[in-house]
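Some notes on the structure that comes next.
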Amino acid sequence: MAVTPRVVPVERSNLTMKVYAELEAALFEGRLHPGQRLKIRDLAAGMGVSETPIREAIMQLARVGAVRFEAARAITVAGLTHDEYLELRTIRLELEGLAAETAARRITPAGIAALEAAHAALTAAEAAGEGAAANKANWAFHRGLYAAAGMPQLSAIIDTVWLRNGPVHAFHYPEAPPAYPGRHRHLDILDALRAGDPQAARAALRADLMEGGRALVEFLRRRDAAKAGT
């Protein structure tokens, strides 16, 4: 049974762009989960718009692999296999590492303060066992970091990758919450930013992706192996 997605109404100007932005945010934050069926009529009603901008936004998301057209014209949120996740992580290590390195050269005190606030929200949500809120705060931290690099083309490419990762991270949070062998790597990133150390920022970001996602990688491996009957 299809579940009506949690989306908010949008104003009636630049509708397709605003619809896309809302669906994009829902994917980033994990408000839409892998395999969830999206109905254009329900989305249109939820946002208070006609079906046309919904269709246009869905087509844009399909082009980047965030949603898929299944049999019988069903539209579903794309998931990730274990191998797909690892491939995207390899890409993320390079792209997001570059963004973190550049941010260390350019970020302002206000930018650092915003990242500190996002991380505080993340740790509070994790302590309360609120996976959805934790995922949203984690995205706010990372997106703020990459925006601080001042490289909009790079940020746009990273956004495309996160459209695939966001739903998977959020949906499987209960089974595979992020964990670190030592202190949270966001703290290392913040230390590097305060010190203006680009190489340390890149290294901390890479460690965050590798260590924080280790449980998810193992979960996806076991899930795919079970599906394959091995």
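Residue numbers start at 1 and run along the sequence shown.
Looking only at side-chain heavy atoms (C-beta outward), Lys39 and Leu43 stay at 4.5 Å or farther from each other. At a threshold of 4.5 Å between non-hydrogen side-chain atoms, the residues Ile91 and Leu88 count as touching. Considering only heavy atoms from C-beta on, Met210 comes within 4.5 Å of Arg89 through its side chain. Side-chain contact check for Phe69 versus Met59: some heavy-atom pair is nearer than 4.5 Å. Annotation: side chain of Arg37 is not in contact with side chain of Ile75 (no heavy-atom distance under 4.5 Å). Side-chain contact check for Ile54 versus Leu38: every heavy-atom pair is 4.5 Å or farther apart. Residues Thr52 and Leu15 have side chains not in contact (no heavy-atom distance under 4.5 Å, counting atoms from C-beta outward). By the 4.5 Å heavy-atom criterion applied to side chains, Leu32 and Val67 are not counted as neighbours.
Using a distance-only test at 3.5 Å, with no hydrogens or angles considered, a donor-acceptor pair links the side chain of Asp224 to the main chain of His82. Counting only distance, with no hydrogens or angles, the side chain of Gln60 and the backbone of Ala57 share no donor-acceptor pair below 3.5 Å. Asn14 places no side-chain N or O within donor-acceptor distance of the main-chain N or O of Met17, the cut-off being under 3.5 Å. Side-chain N or O atoms of Thr123 include one that pairs as donor or acceptor with a backbone N or O of Ala120 at under 3.5 Å. Although no hydrogens or angles enter the test, the distance criterion places no donor-acceptor pair under 3.5 Å between the side chain of Asp208 and the main chain of Arg185.
Among pairs with a residue in residues 108-129, those fulfilling salt bridge (charged side-chain N to carboxylate O under 4.0 Å, His left out) read Glu116-Arg194, at least two apart in sequence or across chains.
Using cut-offs of 30° and 60° for the angle between ring planes, the Trp139 and Trp162 rings count as tilted. Ring pair His172/Phe219 is tilted by interplanar angle, where 30° to 60° counts as tilted.
No continuous path of hydrophobic side-chain contacts links Leu122 to Leu209 [ILVMFWY only; heavy atoms under 4.5 Å]. Under a hydrophobic clustering in which Ile, Leu, Val, Met, Phe, Trp and Tyr are joined whenever their side-chain heavy atoms come within less than 4.5 Å, directly or via other members, Phe141 and Tyr173 fall into different clusters. Note on Phe171: it does not cluster hydrophobically with Val77, by side-chain heavy-atom contacts below 4.5 Å among ILVMFWY residues. In the hydrophobic clustering of ILVMFWY residues, with side-chain heavy atoms under 4.5 Å counting as a link, Leu190 and Tyr180 come out apart.
Taking every heavy atom of both residues into account, Ala149 and Arg106 meet most closely at O-NH1, 2.7 Å. Contact detail for Gly65 and Ala78: the closest heavy-atom pair is O-CB, 3.2 Å. Residues Ala134 and Ala125 share a closest heavy-atom pair of N-CB, 3.4 Å. In plain terms, the two heavy atoms of Glu96 and His142 that are nearest each other are OE1-ND1, 4.3 Å. Closest heavy-atom contact between Leu163 and Ala66: CB-CB, 4.1 Å. Taking each heavy atom of Asn135 and Gly30 in turn, the nearest pair found is ND2-N, 3.8 Å.
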Checking side chain to side chain contact (heavy atoms under 4.5 Å, CB included) for the pair Leu115/Ile189: CA distance, chi angles, key distance, verdict?
-> CA-CA 10 Å; Leu115 296 184; Ile189 294 171; 5.6 Å; no
Start with the C-alpha gap between Asp191 and Arg183, add the side-chain angles, then the distance that decides, and say whether salt bridge (Lys or Arg N to Asp or Glu O under 4.0 Å) holds.
-> CA-CA 12 Å; Asp191 284 348; Arg183 72 195 305 240; 2.9 Å; yes
Please report the C-alpha distance between Ile158 and Arg143 in whole Å, then the side-chain angles of each, then the deciding distance to 0.1 Å, and finally whether the side chain to side chain contact (heavy atoms under 4.5 Å, CB included) criterion is met.
-> CA-CA 9 Å; Ile158 292 173; Arg143 194 171 208 186; over 6 Å; no
Please lay out, stage by stage, how Arg221 and Glu218 fare under the test salt bridge (Lys or Arg N to Asp or Glu O under 4.0 Å).
-> CA-CA 5 Å; Arg221 185 195 67 77; Glu218 178 58 22; 2.5 Å; yes
Could you walk me through whether Arg206 and Glu94 pass the salt bridge (Lys or Arg N to Asp or Glu O under 4.0 Å) test, one step at a time?
-> CA-CA 8 Å; Arg206 291 172 64 89; Glu94 298 303 320; 3.4 Å; yes
Can you check side chain to side chain contact (heavy atoms under 4.5 Å, CB included) on Leu154 and Tyr146, steps first, answer last?
-> CA-CA 8 Å; Leu154 176 59; Tyr146 307 146; over 6 Å; no
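Screening Met47, Lys18, Arg31 for a side chain to side chain contact (heavy atoms under 4.5 Å, CB included) involving Leu23 leaves a single residue, Met47.
Atoms CZ and CG, from Arg223 and Leu216 in turn, are 8.5 Å apart once rounded to the nearest 0.5 Å. Taken to the nearest 0.5 Å, the CG atom of Leu86 stands 11.5 Å off from the CZ atom of Arg92. Separating the NE2 atom in His186 from the CG atom in Leu193 is a distance of 11.0 Å, to the nearest 0.5 Å. To the nearest 0.5 angstrom, Glu56 atom CD is 12.5 Å from Leu61 atom CG. Distance check: Arg55 CZ to Ile40 CD1 gives 5.0 Å after rounding to the nearest 0.5 Å. The CG atom of Leu93 sits 9.5 Å away from atom CZ of Arg202, with the distance rounded to the nearest 0.5 Å.
Listed by chain and number, the residues in a salt bridge (Lys or Arg N to Asp or Glu O under 4.0 Å) with Arg68 amount to none (sequence neighbours excluded).
We find that Arg164 and Asp159 are not joined by a salt bridge, their nearest charged nitrogen and carboxylate oxygen being 4.0 Å or further apart.
Judged by distance alone, the side chains of Tyr85 and Asn165 never bring a donor and an acceptor atom under 3.5 Å apart.
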